[in-house]
There are 2 protein chains.
Amino acid sequence: MKSMTSTSEKILDIAQSLIVAGGYNGFSYADISAAIGIRKASIHHHFPTKAELVSVLVDRYRQQTEAGLKSLREGISSPAGQLAAYVTYWNSCIRDASLPFCVCAMLASEMQMLPEQVASQVRGHFHSLAGWLTSVLQAGAEDGQFRLEKQPDEEAQMLMASVHGAMLSARALGDPGLFISIVALQIARLQADD
Amino acid sequence: MKSMTSTSEKILDIAQSLIVAGGYNGFSYADISAAIGIRKASIHHHFPTKAELVSVLVDRYRQQTEAGLKSLREGISSPAGQLAAYVTYWNSCIRDASLPFCVCAMLASEMQMLPEQVASQVRGHFHSLAGWLTSVLQAGAEDGQFRLEKQPDEEAQMLMASVHGAMLSARALGDPGLFISIVALQIARLQADD
DNA sequence: GATTGTCTCCCTACTAGTAGGTAGATAAAT
DNA sequence: ATTTATCTACCTACTAGTAGGGAGACAATC
C-alpha cells in the first residue's frame with residue numbers, strides 16, 4: 001500500500017513548512033522543487049502562481065484548524081479543558097518543531113506585502129480564532145469555570161495576542177518552553193480564584 | 001541650514017520602513033535605490049552586504065530603544081507612568097503608521113532564516129526589553145502600584161508577548177485601535193484592585 | 001599659490017545566480 | 001483519444017554583489 005499523499009499535497013506540506021520558517025518571501029518554487037524531487041515546472045502545473053499556491057495552502061490550513069477546534073469543543077465537555085487542549089496542541093507543535101509557528105500569524109506579519117486573496121484569508125483566520133476563543137470563554141464564564149474581568153470578546157483578543165506573542169518570544173529567544181510558561185500564566189488568570 | 005541627514009542614515013531609514021513592512025526578504029537594494037534616488041552600487045558603498053546593512057540597522061534600533069526606555073525611567077517617577085508611556089509610544093506609532101511594528105519583532109518571526117549576526121541582535125533586544133519591563137514591574141510592586149501574581153520576570157515575559165501579539169492582531173485585522181485595547185486591558189490587571 | 005595625493009561619495013556597466021512563469025514534448029492513465 | 005502529470009528547455013525580470021572610474025573636498029608638499 002502506497003503512501004496516499006498526492007503530489008499537490010506534498011507541495012503544500014513543504015510550502016507550509018517553508019512559510020512557517022521564513023514567510024511568503026522566504027521560499028521559492030526552486031526550494032519546493034529541491035525538497036520533493038520534482039521540477040519547478042511541475043509545481044506550476046499544480047499551482048500556476050505563487051499567490052494561488054499560498055492561497056490554497058492557507059485555505060487548507062484554515063479548514064484543518066476549524067475542524068480541529070470544532071472537534072475540541074465536541075470532544076471535551078469543559079471550556080477550561082477545551083482551552084487547555086488548544087494550548088497543549090501548540091505547545092507540542094513548538095516542542096517537537098513540527099509546526100513551530102502558526103501559518104497565519106507568520107503571514108500576518110507580512111500583511112502589507114501579501115496578495116489580497118491571501119491577506120483576506122489571514123484576516124478571516126484571526127476572526128474565526130477570536131470567535132472560537134470568545135465562545136469558549138463565554139461558556140466557561142456562564143458555568144463559573146472562568147472569572148472574566150471584561151467582555152468575552154475582549155478577553156479572547158487578549159488571549160489570542162498572548163498566544164501569538166508567546167510563539168514569537170519562544171522563537172526569538174530560542175526557548176520552546178517559554179511558550180507554555182507565558183500562555184499557562186495567562187490562562188491561570190481566567191480561572192476562578194480559590 | 002540643511003537637513004543634516006546623511007545618505008547612510010537615509011538608507012537605514014528607508015530600509016527600516018521596508019523591513020517593518022515586509023521583513024528581511026521583503027526588500028532589496030533596488031527598493032532602497034528607488035526610494036532615495038541613488039544607485040544600487042552607492043548603497044553597497046555604504047553597506048557592502050545586506051547582512052551588514054540590517055545588522056547596523058538593528059544596532060541603531062536597539063540603541064534608540066535603550067535610550068528611549070532609559071529616558072522614560074529617568075523622566076517619569078512612577079512605574080505605572082513609565083509603563084503607560086511605553087505603550088502610548090507604540091500606540092502612537094501604530095496609529096500614525098510611522099513605525100507600525102517593532103523591527104525586532106518582525107525579524108524574530110523570520111529568525112530561522114536570518115544571518116547569525118542579525119539573529120543574535122534580535123535575541124539581545126528581546127532580552128533587554130524583557131529586562132526593562134521586569135525592573136519596572138518590580139519597582140511598581142515594591143511601592144504598591146502593581147499587584148503581581150507571579151515573579152516580575154514572568155509577568156514581564158507575559159506583558160512583552162501581549163504587546164507583540166497585539167501589534168500582530170492590529171496588523172492582521174487592519175485595526176490600529178486593537179493594539180491599545182488589548183494592551184491596556186493587560187496593564188489594568190497589574191494595577192492594584194480597588 | 002599651484003601641484004600632488006588621498007579620501008569620500010556616487011556613478012555606469014557588469015557579473016553570476018535566482019525569481020516566478022511559459023512552451024512544448026512525452027508518456028501514462030482513463 | 002483525451003486528460004493528467006511530468007519533463008526539458010527556455011524566458012524575462014530581478015537578486016546581491018563587483019569593477020573601475022569620475023567629481024569634489026582636504027591636506028600636505030613644492
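Worth knowing before you read on, the calculation uses all heavy atoms, side chains too, and leaves out hydrogens, waters and symmetry mates. Keep in mind it's a predicted model, so treat the numbers as computed, not measured. In what follows, chains are A, B, ... by sequence order, proteins preceding strands, each numbered from 1.
Taking atom CD1 on A:Ile11 and atom C1' on C:dG21, their separation rounds to 15 Å, with Å as the unit. Atom P of nucleotide C:dA13 and atom OH of B:Tyr29 are separated by 22 Å, given to the nearest angstrom. As a whole-Å value, the separation of B:His46 NE2 from C:dC11 C1' is 12 Å. Between A:Ile32 atom CD1 and C:dG20 atom C1' there is a gap of 11 Å when expressed in whole angstrom units. Rounded to a whole Å, the NZ atom of B:Lys50 is 8 Å from the C1' atom of D:dA16. In this structure, B:Ile38 places its CD1 atom 14 Å from C1' of C:dT12, rounding to the nearest Å. Rounded to whole Å, the distance from CD1 on B:Ile43 to P on C:dC11 is 9 Å. Put simply, CZ on A:Phe47 is 15 Å from C1' on D:dT4, counting in whole angstrom units.
Residue A:His45 places no side-chain N or O under 4.0 Å from the OP1 or OP2 atom of D:dT6. When the side-chain nitrogen and oxygen atoms of B:Thr7 are compared with OP1 and OP2 of C:dC10, one or more of them lie within a distance under 4.0 Å. Within the structure, every side-chain polar atom (N or O) of A:His44 is placed at least 4.0 Å from both OP1 and OP2 of D:dT6. The phosphate of C:dG20 (OP1 or OP2) has no side-chain N or O of A:Thr49 nearer than 4.0 angstrom. Between A:Ser28 and the phosphate of C:dT18, there is no side-chain N or O to OP1/OP2 separation shorter than 4.0 Å.
Counting any heavy atom pair closer than 4.0 Å across all strands shown, B:Ala41 reaches a base atom. A:Phe27 comes within 4.0 angstrom of the backbone, heavy atoms only, and of no base.
Shortest non-hydrogen contact noted between A:Ala108 and B:Arg171 is O-CD, 3.2 Å. Here the closest non-hydrogen pair linking B:Asn25 and A:Gly26 is ND2-CA, 3.8 Å.
In the displayed structure, A:Gln117 atom CD is contacted under 6.0 Å by more than 12 heavy atoms of other residues, nucleotides or ligands.
Between A:His164 and A:Phe179, the ring centre distance reaches or exceeds 6.0 Å.
Place B:Lys40 and A:Ala30 on DNA chain C by their nearest nucleotides, and B:Lys40 ends up nearer the 5' end.
Checking B:Ser55 against B:Gln121 by side-chain atom types alone, a donor-acceptor pair falls below 3.5 Å.
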